[in-house]
Every structure is written in C-alpha cells, then in structure tokens.
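Just so you know, these numbers come straight off a predicted model, no measurement behind them.
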Amino acid sequence: MKNKIIAGFAALLMIVSCKDDGKVMNNLADYNNSMEEKGYHFGDKINLPQDVLDIAESITISFGDKETKDLVVDPKYFTLGDNAVTFNIKTKGGEMLTQDATVNVYSKSPEQALNYEVVAEYPHNPANFVQGFQIEGNTIYESEGQYGSSRLITYKIGDTIPIKETKQTDDIFSEGSTIAGDKIYQLTWENKKGLVYEKNTLKLLSEFPYPDMMVQGWGLTYDGKHLIASDGTKNLYFLNPADPSKIVKYISVAGNSSVYDQLNELEYYKGFIYANVWHKPIILKINPANGEVVGKFDFTQIAKPFTDANSEHVLNGIAFKGDNMVVTGKNWNKIYEVAVK
C-alpha cells in the first residue's frame, strides 16, 4: 500500500512538473515571437524569461552543426537576417526541453534613403527578359532569361539591335552576368552551372558547377577580385573567378529593421554592392564587408507603369555610366539614366 502511495505521489509530481514545463515553454515561445519582430543587433544579450532561467541547469543554442552556451548575439554563430535556431534547456530535474525559433539580426545603423533624378531615357527592346545588365563605354551586355529564348547579347545604348549574340540551349534559363577582364560570366537559374564567354566574341569557353551552398543562380557581379553571386536567399557569395565552383566567403544581408532575401540583379561600384530585390521596386546599397544595407533607392514611380501592366515585369537591371546609375527591367521598353543626389 505504501509503495502505491509513493508511486501515486511521484506520478502527481510528474504531472505537475510537466504542466509547469509546458507553461515555461509557452512563455519562451511568446518571448521568441515578440523578439522575432523586434530583432536583435550583434552584441545584444538574449534575455530569456526568468521562469526559463529558474528551471534550467544549462541552456544552449544550436544552429545545425554549431552550438553555443553564450546567450549573446555573436557574429561567430549568427548572421545578419533570419537565423533558424533551437533553444536546448536541460532542467534541474534532468529533462531536456527544446524549442525552435527564428532570431532576426539587424544592422545597427539605419539605412539612408537615397535620392536620384532621371537625366536621360533610352529605348529598350521590350522582348528582352533582362536577367543581367552591364555597360562598358557605350556598349550594353545583357543576359536574357526564359527557357527556349535565353541568350547573351551586346548592343549600343540608344539602340535595340544586337551587335553580337549567343543563344543558349532550350533547357537553360539564363540569369545574372558580369564582365571580369576579357571574360563574361553568366549564371543559369536551375541548371546548377555557370557559363564563361570570351567578351569580345561572346564565344562560349567553358562551364563551371555551382558551389553546394548556392541554391540557384540569380544575380552576378565582379568587384575586381571576386565574382559575387546571389541565389535568391539573403546570402551573397564571393567566388574565385579562376575556380567559381568554390566559395571564398559569403555575407548575409539585412537593414536596420528589415531582413532582405530574394536578392537578384547585382552591380559592384566604388566599394559597394547594389542589389535589387525581386518583386520590389528598390535597389539596396550594401557594405560588402559585413552585409549591412547602408542605403536604399525607391524606384516605385519608374517601375509602376511596367509592373501595373504585368507583375513579372519587375526592375531587374543595374549598371553605372560614369557616376550615373542606369536601370531597366524585365520586358521594359526603356532604360533610365539617373543622377544620384
């Protein structure tokens, strides 16, 4: 009889303990949800609810194959933008409790609203589904997308007739492109490979496989040392032009209050990366050292007539002509030259 009483008491304690643990984990979930919107900055302490700390013998945060016991937003573990983590709590009673969460990390400095003035307009072939866009002198190098009509072309600004072109096979959907020395590098969307051309002739020279970490091919630019690629996530990948299948480093991109993913067409100019965000009429100015968005252009008024006609006719072309920015989009009939104020 005595053993039955002890067993019953133990069961009751277990039920009470489970209820208490459930309440604590609900409080942790509420905290994580509130902080997901508010976000953190590097160096911030993660101030978990007191009742979580009271029941815990130890707490760790895991990031897939990495783990830390420090409740601080440390760039050794966290990146800018959204971080999928798991809180692991070993209770004083010896139980293990886990909870998944998203930790958003923002840059400390607010991004500057960048202004511009349209100073010139040029014709553009509205049949061109622009994926990559560069200017060298008065020559435009353009990568066109879509299965069955992907190609790489050159033409003079102010004209719409290609001087040279190289078509891709029907199974390729071309994406971003960039000039690096005497070569042009071009990404493909889902084929997991890039293409390398001779710049003067557009002759295909070689192909390269993507690094495993790159999900797809989106945008591409060149900073004089590295190819910089986007894959539709928050990440930008720095690749060695001599062997673009390997990542030298990567950065994640975020602003002061926003996580930016779907980074698309890219351009590097005077120490900064410029990136448009797919389906948004904005261009970000990004610090390549750490991924912080330091400025943002709003091209709503330029893009609106095109996106009103077709939601897929989005802003998707960035280049520089002197210090002026030149922009266009998918199936746009115009190229705009803007003076940055």
So does Leu263 get a backbone contact from the side chain of Ser230, meaning a donor-acceptor N/O pair under 3.5 Å? yes
Does atom NZ of Lys280 have more than 12 heavy-atom neighbours, drawn from other residues, nucleotides or ligands, at distances under 6.0 Å? no
If the threshold is 4.0 Å, N to carboxylate O, is there a salt bridge linking Asp323 and Lys270? yes
The single option from Asn290, Asn235, Asp261, Asp82 passing side-chain hydrogen bond (donor to acceptor under 3.5 Å, both in side chains) against Ser252: Asn235
Residues which pass salt bridge (charged side-chain N to carboxylate O under 4.0 Å, His left out) with Glu190, listed by chain and number, not counting sequence neighbours: none
Before giving the answer on side-chain contact (heavy atoms from CB on, under 4.5 Å), spell out for Ile46 and Val72 the whole-Å C-alpha distance, their side-chain angles and the decisive distance to 0.1 Å. CA-CA 6 Å; Ile46 300 175; Val72 174; over 6 Å; no
Applying ring-ring contact (aromatic ring centres under 6.0 Å, His included), which residue pairs with at least one partner in residues 103-140 are found, sequence neighbours left out? Tyr116-Phe299
Taking 4.0 angstrom as the limit, do Glu136 and Lys199 come out as a salt bridge? yes
Just say parallel, tilted or perpendicular for the rings of Tyr147 and Phe173, cut-offs at 30° and 60°. perpendicular
So, are Lys203 and Glu198 salt-bridged, with charged N and O less than 4.0 Å apart? no
Connected via hydrophobic side-chain network under 4.5 Å: Trp189 and Val215: no
May I ask you to say whether Lys92 pairs ionically with Glu57, meaning some side-chain N is under 4.0 Å from a carboxylate O? no
Can you label the angle between the Phe320 ring and the Tyr269 ring as parallel, tilted or perpendicular, going by 30° and 60°? parallel
